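Everything below concerns the one structure shown next.
Worth saying up front: this structure is predicted, and the values here are computed from it rather than measured. Whatever order the structure lists ligands and atoms in, that order sets their numbers, starting from 1.
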Amino acid sequence: MEEDNITETLRTENLEIDLLITAIKGKIGYDLTGYARASIKRRIQQLVIDENVNCISDLIPKLLYSRQCQSNFINRLTINVSELFRHPISLLRLRESVLPYLESFPRRDIWIAGCATGEEAYSMAILLEEAGLLNNTQIHATDINTEVLKQAKTGILTKGLNKEDAARYQASGGTSSLSKYFSTAYNKQKLSQNLLDHISFSHHNIIQDQVFCSAQLVMCRNVMIYFDLKTQNRALTLFNNSLVQNGYLVIGEKESLVNSPLSSLLTTIDEPAKIYQRKSSEHV
Ligand SMILES: C[S@@+](CC[C@H](N)C(=O)[O-])C[C@H]1O[C@@H](n2cnc3c(N)ncnc32)[C@H](O)[C@@H]1O
């Protein structure tokens with residue numbers, strides 16, 4: 001009897017989530033169907049608490065009529081955490097195996113998909129500057145969340161520069177002082193303008209939009225982890241199609257190409273560092 005009640009509650013909750021997903025898609029155009037269900041469910045349950053409502057259904061009118069609630073939901077859903085020189089071993093390997101390849105091009109394009117508040121793009125600009133490759137390189141940083149893009153464009157670090165950032169910079173092969181790439185005003189650190197000038201920040205939805213640009217290097221880290229398997233494959237296809245022949249793809253520490261049909265189109269360069277290279281000119 002108790003088991004029946006639990007099953008019934010779960011069924012109702014799933015129905016409420018489906019209704020909410022439909023409302024979000026209709027109202028703000030965000031299609032949540034490609035995100036892993038468990039992850040969406042956790043965010044929605046957290047929003048029930050934040051918005052002080054009794055159940056998921058009660059969220060629907062709030063999401064339909066309150067811009068503030070929509071913005072809270074998008075911020076909660078998109079998980080905009082980032083940091084400078086995240087997964088430093090990956091960036092160390094990137095310095096060693098990808099930067100020499102980039103050097104062979106007179107002009108370079110790098111796409112950073114799901115850039116959040118910009119730290120990944122800032123780190124990339126520093127790596128390129130240190131390799132003497134920043135001139136003639138354009139970093140295209142994109143994200144679905146327009147609020148974080150606004151922040152990223154300023155070049156100002158959301159959390160300031162700290163010891164951990166410096167340690168990760170060094171672990172990624174950095175030999176200078178990280179602070180030299182930032183100016184400080186009113187207690188806030190801002191990326192030097194000459195580095196920031198090489199980064200453009202734009203809106204792009206990996207789940208719904210087409211290839212953003214043609215690139216020698218695509219980085220998409222800690223984004224696909226929130227997608228279901230079908231959407232992960234769609235994203236990987238998009239990235240593969242945006243790479244020039246022999247271009248490189250870098251994904252997040254906890255992400256994988258295992259079980260993906262895309263694994264046959266990419267050569268593994270370094271599995272722990274999550275660096276892959278496009279094999280042929282065949283696009284899927
Ligand atoms: C956890 S952050 C990762 C930030 C950065 N790549 C890093 O590894 O530090 C995930 C980012 O992916 C973005 N995101 C989520 N879904 C997306 C989508 N469908 N298209 C583009 N960006 C998306 C979120 O807005 C968020 O800024």
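- Residues satisfying the side chain to side chain donor-acceptor pair (under 3.5 Å) criterion with Lys230, sequence neighbours excluded, are absent altogether.
- In terms of the side chain to side chain donor-acceptor pair (under 3.5 Å) criterion, residue partners of Glu130 (sequence neighbours excluded) are, by chain and number, Arg95, Tyr169, Tyr181.
- The main-chain N or O of Pro88 is never found under 3.5 Å from a side-chain atom of Ser172 such that the two would form a donor-acceptor pair.
- The residues lining ligand 1, counting any heavy atom closer than 4.0 Å, are Tyr35, Thr78, Ile79, Asn80, Val81, Ser82, Arg86, Gly114, Ala116, Glu120, Asp143, Ile144, Asn145, His204, Asn205, Ile206, Ile207, Arg221, Asn222, Val223, Phe227.
- Of the residues listed (Asp50, Leu59, Leu63), the one engaging Phe73 in a side chain to side chain contact (heavy atoms under 4.5 Å, CB included) is Leu63, and it is the only one.
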Report all side-chain donor-acceptor pairs from residues 247-258 shorter than 3.5 Å, counting only partners two or more places apart or in another chain.
residue	atom	partner	partner atom	Å
Tyr248	OH	Gln277	NE2	3.4
Glu255	OE1	Asn222	N	3.2
Glu255	OE1	Gly252	N	2.6
Glu255	OE2	Asn222	N	3.1
Glu255	OE2	Val223	N	3.0
Glu255	OE2	Met224	N	3.1
Glu255	OE2	Ile225	N	3.0
Ser256	OG	Val258	N	2.9

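- A donor-acceptor contact shorter than 3.5 Å links the side chain of Arg278 to the backbone of Leu243.
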